[in-house]
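Numbers here simply count residues along the sequence, with the first being 1.
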Amino acid sequence: MLKQKIKEKFRSILGINELKAEIDKCKMEIDDLKVAIESYSNELTNLLKQSQQSIEELHSFDRMIVEKINYNIEWDKRIEQKFKYANLEMGNIPTLYESNKNILIVGYYGATNLGDELMLETICNFLAPHGINITVLLDDNDQLDVTYYKNCSYIHSPLNVHELVTMESKFDMVLIGGGAVLEDANYDLFNNRYSLGRFVVDICIRFIQTKKPVFVYGVSAANDITNKEYIYKLNYVVNNATYFSCRDSFSITYLEQIGINVKSIKLIDDIVLANPILNTFSGCIHDSKIKEIGVVFVYNDSKLENLNVLRRFIEYLLDILDEHHEFNYKLKLIPFFTHDKYDELCCKEIVSEFGNKNVEFIDMKQDYASFLDFCSSLDYAISMRYHATLLFNILGIRTLDIIWDTHHHYEFKVNYIYQRYMAERYELKFSDLVKDNYNLIQIEEWLNASDINPKLNREKIVREAQEQLKKLIECIDSLI
């Protein structure tokens, strides 16, 4: 029995040894497999590095090709720009005007912003009887209605910087005819074209250098001028121009703050107020049953953000008007900036959404008489445009001023309206409208306001503006 148990135990020990031997064999195979895997991994890593390098080389090659394509496209654009068309009409000026009465008027004209067109209309009407040959520099607008410019010839804005010298050689004097043209926006941005702000100072300096008269009349400044070169040039123009005036005191104060010597700058009223047609306005013809509200907005932003903000505001306003049981109402939207018919399209978009709530689009010509005719039926106005705000107030129309406080042109000139003419101010900030933050108190005060501001004497304002403009004309006459 004992012998049998010893044999079984021995056999068990032999099995363990066999198992150990098998385990050792497996370990060796595992080690061999690890070596093989590591070798394959290294090979794969090298392949991946080579592939990544090849991809980067391909991307680099692609970028080089794209850069060359863009470079060629840019040159094609430059060539196209140079040969697109030139100011060929300037070639006629010497034969048409062989005298020293050739004046070039510069401003934001031809882009068909109604306010600028009304300024130009007023200037040309004052200059025309004096035998002065008027040429107006117009925006490069391929939708321009050339029949609008009756008392003048015109050339379009320069297609390259060298045309400025040619322009100076063709004219005896230059007049910057109003507008918010004192700005350094895009001053250093060159695409073979001039920004209006840079062109204004450069054309003035060129005329000054050639000892020709320079008149800067009724301009205003942006509130964020910082470019040192621009400030230096503007200071030179201010102190060497034959005549220089601003249409608001805030611009003059700001110019002084940025280092401009402002002693020679005169303060005048806006050009549009000198137009005698203003005194033909006999007042609004009111319908006691329906209150008509004229609406002028700024729609021109490519992302449609303004349109969406104003659409929400109109929806809010309509709810308030629906609760205002004292009268029925009608909103009348007009295009104030007609370049590319953007205002018209946006107005019609709003009308299509709210047309069932007495909202309509008024197709209006871009002239003073048409604007006054539009105003003649209004009880109220909502305005986001400077000249619309100015004229609505001067005409005695109760105006809700939407302050375009996100734009650098509007602060000075709009604030001066209420300081100078003591009009009652009802205002909403556009930045608040963006947040759907509406000042109900201001809206209610506007709706409940009296018809006419008793402190405002329109005839006196027009007379003073005319006297100011006549002094400019006298200055021009004296140098002919």
Side-chain angles (χ1 to χ4, degrees), residues 105-109 113 115-116 118-120 122-123 126 174-185 196-205 207-208 213-227 230-275 385-387 389-391 393-394 404 407-423 461-462 464-476:
I105 303 180
V106 176
Y108 189 51
Y109 309 129
N113 181 335
D116 294 286
L118 297 185
M119 288 193 297
L120 178 61
T122 303
I123 292 172
F126 270 77
V174 64
L175 167 61
I176 310 301
V181 297
L182 304 184
E183 63 162 11
D184 61 353
L196 181 59
R198 179 162 192 157
F199 178 79
V200 164
V201 291
D202 282 1
I203 192 72
C204 288
I205 290 174
F207 271 73
I208 292 168
V214 171
F215 306 95
V216 182
Y217 191 82
V219 296
S220 57
N223 62 5
D224 59 353
I225 299 173
T226 57
N227 187 287
Y230 175 82
I231 293 171
Y232 173 82
K233 286 184 175 181
L234 179 57
N235 189 56
Y236 180 85
V237 173
V238 169
N239 290 282
N240 290 277
T242 312
Y243 177 98
F244 199 108
S245 64
C246 287
R247 61 185 175 184
D248 70 88
S249 60
F250 298 108
S251 288
I252 298 175
T253 300
Y254 179 72
L255 292 177
E256 186 173 24
Q257 289 172 356
I258 63 173
I260 305 295
N261 183 352
V262 299
K263 291 181 180 179
S264 61
I265 300 179
K266 298 174 178 62
L267 177 62
I268 65 162
D269 293 296
D270 192 283
I271 296 170
V272 300
L273 300 180
N275 200 312
R385 291 275 186 190
Y386 160 71
H387 275 108
T389 302
L390 173 63
L391 290 172
N393 277 285
I394 295 298
W404 197 7
H407 195 286
H408 61 175
H409 279 173
Y410 274 67
E411 178 184 358
F412 298 147
K413 58 188 181 182
V414 174
N415 286 343
Y416 188 70
I417 293 174
Y418 298 96
Q419 182 195 79
R420 168 73 173 92
Y421 308 110
M422 301 179 70
I461 292 170
V462 173
E464 291 176 351
Q466 289 176 345
E467 290 172 355
Q468 294 161 357
L469 188 51
K470 286 176 182 177
K471 288 181 180 179
L472 172 71
I473 305 301
E474 289 171 2
C475 185
I476 294 173

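- Panel note: side chain Tyr230, backbone Glu183; a donor-acceptor pair is recorded below 3.5 Å.
- With Asn393 contributing its side chain and Thr389 its backbone, the two residues share a donor-acceptor pair below 3.5 Å.
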TODO: Could you give me the CA-CA distance, side-chain angles and deciding distance for Leu182 and Tyr254, then say whether side-chain contact (heavy atoms from CB on, under 4.5 Å) is met?
DONE: CA-CA 11 Å; Leu182 304 184; Tyr254 179 72; over 6 Å; no
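- Side-chain contact check for Tyr236 versus Ile208: some heavy-atom pair is nearer than 4.5 Å.
- The minimum heavy-atom distance linking Gly178 with Tyr109 is given by the pair N-OH, 4.5 Å.
- Here the side chains of Asp184 and Thr226 are in contact, with some heavy-atom distance below 4.5 Å.
- Using a 4.5 Å heavy-atom cutoff, the side chains of Val414 and Trp404 are not in contact.
- In this structure, the side chains of Leu469 and Thr122 come closer than 4.5 Å at one or more pairs of heavy atoms.
- Between Arg247 and Asp270, at least one side-chain N (NZ, or NE/NH1/NH2) sits under 4.0 Å from a carboxylate O, which counts as a salt bridge.
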- [ ] Step by step, work out the side-chain contact (heavy atoms from CB on, under 4.5 Å) result for Ile123 and Ile271.
- [x] CA-CA 7 Å; Ile123 292 172; Ile271 296 170; 3.7 Å; yes
TODO: Apply the test side-chain contact (heavy atoms from CB on, under 4.5 Å) to residues Val181 and Phe199: give CA-CA distance (whole Å), side-chain angles for both, the deciding distance (0.1 Å), then the verdict.
DONE: CA-CA 10 Å; Val181 297; Phe199 178 79; over 6 Å; no
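- Under the 4.5 Å side-chain criterion, counting only non-hydrogen atoms from C-beta, Leu390 is in contact with Tyr421.
- Relative ring orientation between Tyr416 and Phe250 is described as perpendicular, the plane-to-plane angle rising above 60° on a 0-90° scale split at 30° and 60°.
- Between the Ser245 side chain and the Leu267 main chain, no donor and acceptor come within less than 3.5 Å of each other.
- Ring to ring, Tyr386 and Tyr410 are not that close: their centroids are 6.0 angstrom or more apart.
- Of all the heavy atoms in Ile176 and Cys204, the pair that sits closest is CG1-SG, 3.7 Å.
- At least one side-chain heavy atom of Leu472 sits less than 4.5 Å from a side-chain heavy atom of Leu175.
- Looking at heavy atoms from C-beta onward, Val238 lies out of side-chain contact with Val262 at the 4.5 angstrom threshold.
- Counting only heavy atoms from C-beta outward, the side chains of Asn275 and Leu118 never approach each other to under 4.5 Å.
- No donor-acceptor pair under 3.5 Å is formed between the side chain of Asp269 and the backbone N or O of Ala274.
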